[in-house]
Amino acid sequence: MRRIQILSIIVFVLAAGFFCFYRFRESGLADSRAPVIAMDSETIEVSCDATDEELLAGVTASDKKDGDVSDTLMVESLSDFTDTGKRTMTVVAFDSDNNVTSATREIIYTDYQEPRFSLEEPFRFPVGTTDVLEGLSASDTLDGDLTDRITITCVDDVYMYMEGTYAVVFSVTNSAGDTVELPVNMEFYDSSEEAGYPKITLSEYLIYTAEGETVNAWDYVEEITMNNVTYVRGSGDSLVAETNSSTSGVSAITSDNVTIEEDTSYIASGVYEILYSITDSNGRTGTVRLIVVTA
């Protein structure tokens with residue numbers, strides 16, 4: 001019995017020895033060195049819709065054991081913008097021993113334009129309206145449609161069930177962390193009291209212009225309804241009644257009939273408002289705002 005115990009111990013020791021030798025041999029053969037990434041340029045200029053393949057143009061990877069491993073290259077992450085239209089890309093490569101290496105490259109977008117807002121209707125709502133984002137959208141050249149990322153911050157306490165004009169700020173942020181704000185005045189009105197008031201319809205309710213450019217505010221007046229008569233753009237510079245007979249006795253409306261309050265300089269970048277108003281023969285005044293963003 002004692003001889004069998006001694007033999008078992010010897011077999012166990014030999015097995016353990018062989019196991020340790022095998023593990024040592026395997027660890028010695030394993031390659032712990034990561035691949036090397038090379039770039040023909042540390043900066044690349046591309047369009048906003050560039051693919052990963054385009055972003056990796058001129059990037060290669062090689063490994064001491066595996067040789068060329070460029071086919072393992074991939075874009076791991078993209079940073080937020082470090083400057084307008086510029087961000088950092090992190091690329092990685094790996095070998096057959098699962099060693100991973102990384103490198104960074106600066107991306108410059110050649111056609112980047114920051115997010116812009118579009119507005120289909122003025123920021124005037126009947127008292128009680130809860131969806132004040134309806135008609136407002138945003139997009140940019142990097143992500144496309146950003147409408148679902150629009151948020152609103154109330155500068156004033158907003159009472160949507162009470163008439164009044166309130167200062168609010170709409171903002172939107174794209175995937176690169178670029179945030180754009182749109183401060184505006186939002187108005188709630190009593191639709192029952194305003195029935196029959198003149199209504200001014202604009203061709204656009206939000207426009208973008210360059211610094212120092214002059215905006216011809218009258219050009220954006222598309223239609224005016226007053227005293228049950230609708231006046232539309234004619235061939236000239238005036239709005240003409242849609243019918244020959246006018247209960248108001250006015251056959252056309254010119255810029256002289258509309259009060260336009262604006263800052264015509266637009267020298268500095270920022271957000272401006274042009275306020276249009278017109279008063280009918282009964283003393284009722286209709287208003288509307290055009291938002292002008294200067295960049």
Side-chain angles (χ1 to χ4, degrees), residues 116-139 147 150 160 163-166 168 170 182-210 213-266 271-294:
R116 287 192 169 192
F117 292 94
S118 297
L119 185 62
E120 295 179 358
E121 299 290 338
F123 286 123
R124 297 189 76 244
F125 308 98
V127 167
T129 301
T130 56
D131 186 8
V132 296
L133 290 175
E134 185 177 359
L136 180 66
S137 59
S139 62
T147 303
I150 298 176
M160 61 186 62
E163 293 179 72
T165 301
Y166 308 95
V168 300
F170 294 100
L182 181 70
V184 299
N185 288 309
M186 186 169 61
E187 181 183 354
F188 288 96
Y189 63 91
D190 188 329
S191 55
S192 63
E193 292 184 4
E194 199 169 291
Y197 274 51
K199 180 183 178 181
I200 304 173
T201 301
L202 305 179
S203 58
E204 296 184 69
Y205 295 95
L206 189 157
I207 62 172
Y208 285 82
T209 185
E213 282 193 5
T214 300
V215 174
N216 189 336
W218 174 247
D219 286 346
Y220 294 93
V221 179
E222 186 174 69
E223 180 179 294
I224 294 177
T225 299
M226 185 171 62
N227 295 325
N228 296 319
V229 177
T230 299
Y231 301 83
V232 297
R233 279 281 173 179
S235 57
D237 198 35
S238 61
L239 306 184
V240 297
E242 286 188 318
T243 59
N244 292 328
S245 60
S246 171
T247 57
S248 66
V250 178
S251 59
I253 295 176
T254 67
S255 58
D256 294 333
N257 304 121
V258 179
T259 300
I260 301 176
E261 301 175 26
E262 65 172 323
D263 182 344
T264 57
S265 60
Y266 307 113
V271 181
Y272 304 85
E273 288 187 341
I274 299 176
L275 178 63
Y276 301 80
S277 62
I278 189 170
T279 303
D280 65 14
S281 57
N282 295 313
R284 299 172 298 190
T285 301
T287 63
V288 73
R289 289 180 171 86
L290 170 64
I291 301 169
V292 180
V293 181
T294 303

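Residues: numbered from 1 along the sequence shown. Remember, predicted model here, so these are calculated numbers, not experimental data.
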Checklist entry - Quick one: CG on Leu290 to CG on Leu202, what's the gap to the nearest 0.5 Å? => result 6.0 Å

Checklist entry - Do Pro126 and Phe188 have side-chain heavy atoms sitting under 4.5 Å apart? => result no

Item to check | Distance-minimising heavy-atom pair for Val132 and Phe170 | outcome: O-CZ, 4.5 Å

Next on the checklist: Given 3.5 Å as the limit, does a donor-acceptor pair link the side chain of Tyr205 with the main chain of Val288, or not?
Outcome noted: no

Checklist outcome for this item: On a heavy-atom basis, the closest approach of Ala217 and Glu262 is CB-OE2, 3.7 Å

Checklist entry - Would Tyr220 and Tyr276 satisfy side chain to side chain contact (heavy atoms under 4.5 Å, CB included), going step by step from the backbone distance to the final call? => result CA-CA 10 Å; Tyr220 294 93; Tyr276 301 80; 3.9 Å; yes

Next on the checklist: For the CZ atom of Arg116 and the CG atom of Leu182, what is their distance to the nearest 0.5 Å?
Outcome noted: 12.0 Å

Next on the checklist: Distance to the ring centre below 6.0 angstrom and angle to the axis at most 45 degrees; does that hold for Arg289 and Phe123?
Outcome noted: no

Item to check | Glu204, CD: over 12 other non-hydrogen atoms inside 6.0 angstrom | outcome: yes

Checklist entry - Where do Thr201 and Lys199 land on the side chain to side chain contact (heavy atoms under 4.5 Å, CB included) test, with the steps shown first? => result CA-CA 6 Å; Thr201 301; Lys199 180 183 178 181; 4.0 Å; yes

Item to check | Contact summary for Ala138 and Phe117, nearest pair of heavy atoms | outcome: CB-CD2, 4.0 Å

Next on the checklist: Once rounded to the nearest 0.5 Å, what's the spacing between atom CG of Asn185 and atom CZ of Arg124?
Outcome noted: 12.5 Å

Checklist entry - In Å and rounded to the nearest 0.5 Å, what is the CD to OH distance from Glu187 to Tyr166? => result 10.0 Å

Next on the checklist: Less than 3.5 Å apart, any donor N or O on the side chain of Ser277 or Thr287 sitting next to an acceptor on the other?
Outcome noted: no

Checklist entry - Would you say the side-chain atoms of Trp218 pair up with the backbone N or O of Ile260, donor to acceptor, closer than 3.5 Å? => result no

Checklist entry - Looking only at atom types and distance, does a side-chain atom of Asn227 sit under 3.5 Å from a main-chain N or O of Val229, one as donor and one as acceptor? => result no

Checklist entry - Closest heavy-atom contact between Met226 and Thr279? => result SD-O, 4.1 Å

Checklist outcome for this item: Taking every heavy atom of Gly234 against every heavy atom of Val240, the minimum-distance pair comes out as CA-CG2, 4.2 Å

Checklist entry - Can a donor-acceptor pair be found between the side chains of Thr225 and Thr230 at a distance below 3.5 Å? => result yes

Checklist entry - For Glu134, does the CD atom sit with more than 12 other heavy atoms under 6.0 Å from it, leaving out its own atoms? => result no

Checklist outcome for this item: For Thr294 and Tyr272, the nearest pair of non-hydrogen atoms, with its separation, is OG1-CE1, 3.6 Å

Next on the checklist: Using the rule given for side chain to side chain contact (heavy atoms under 4.5 Å, CB included), can you reason through Met186 versus Thr165, listing the C-alpha separation, both sets of side-chain angles and the distance that settles it, and then say yes or no?
Outcome noted: CA-CA 6 Å; Met186 186 169 61; Thr165 301; over 6 Å; no

Checklist outcome for this item: Separation between CD (Glu120) and CG (Leu136), nearest 0.5 Å, reads 9.5 Å

Checklist entry - Should Ile253 and Ile278 count as side-chain neighbours, where that means a heavy-atom distance under 4.5 Å? => result yes

Item to check | Value rounded to 0.5 Å, distance of CD1 in Ile207 from CG in Leu119 | outcome: 12.0 Å

Checklist entry - In a check of side-chain contact (heavy atoms from CB on, under 4.5 Å) between Ser238 and each of Asn257, Thr254, Val221, which one passes? => result Thr254

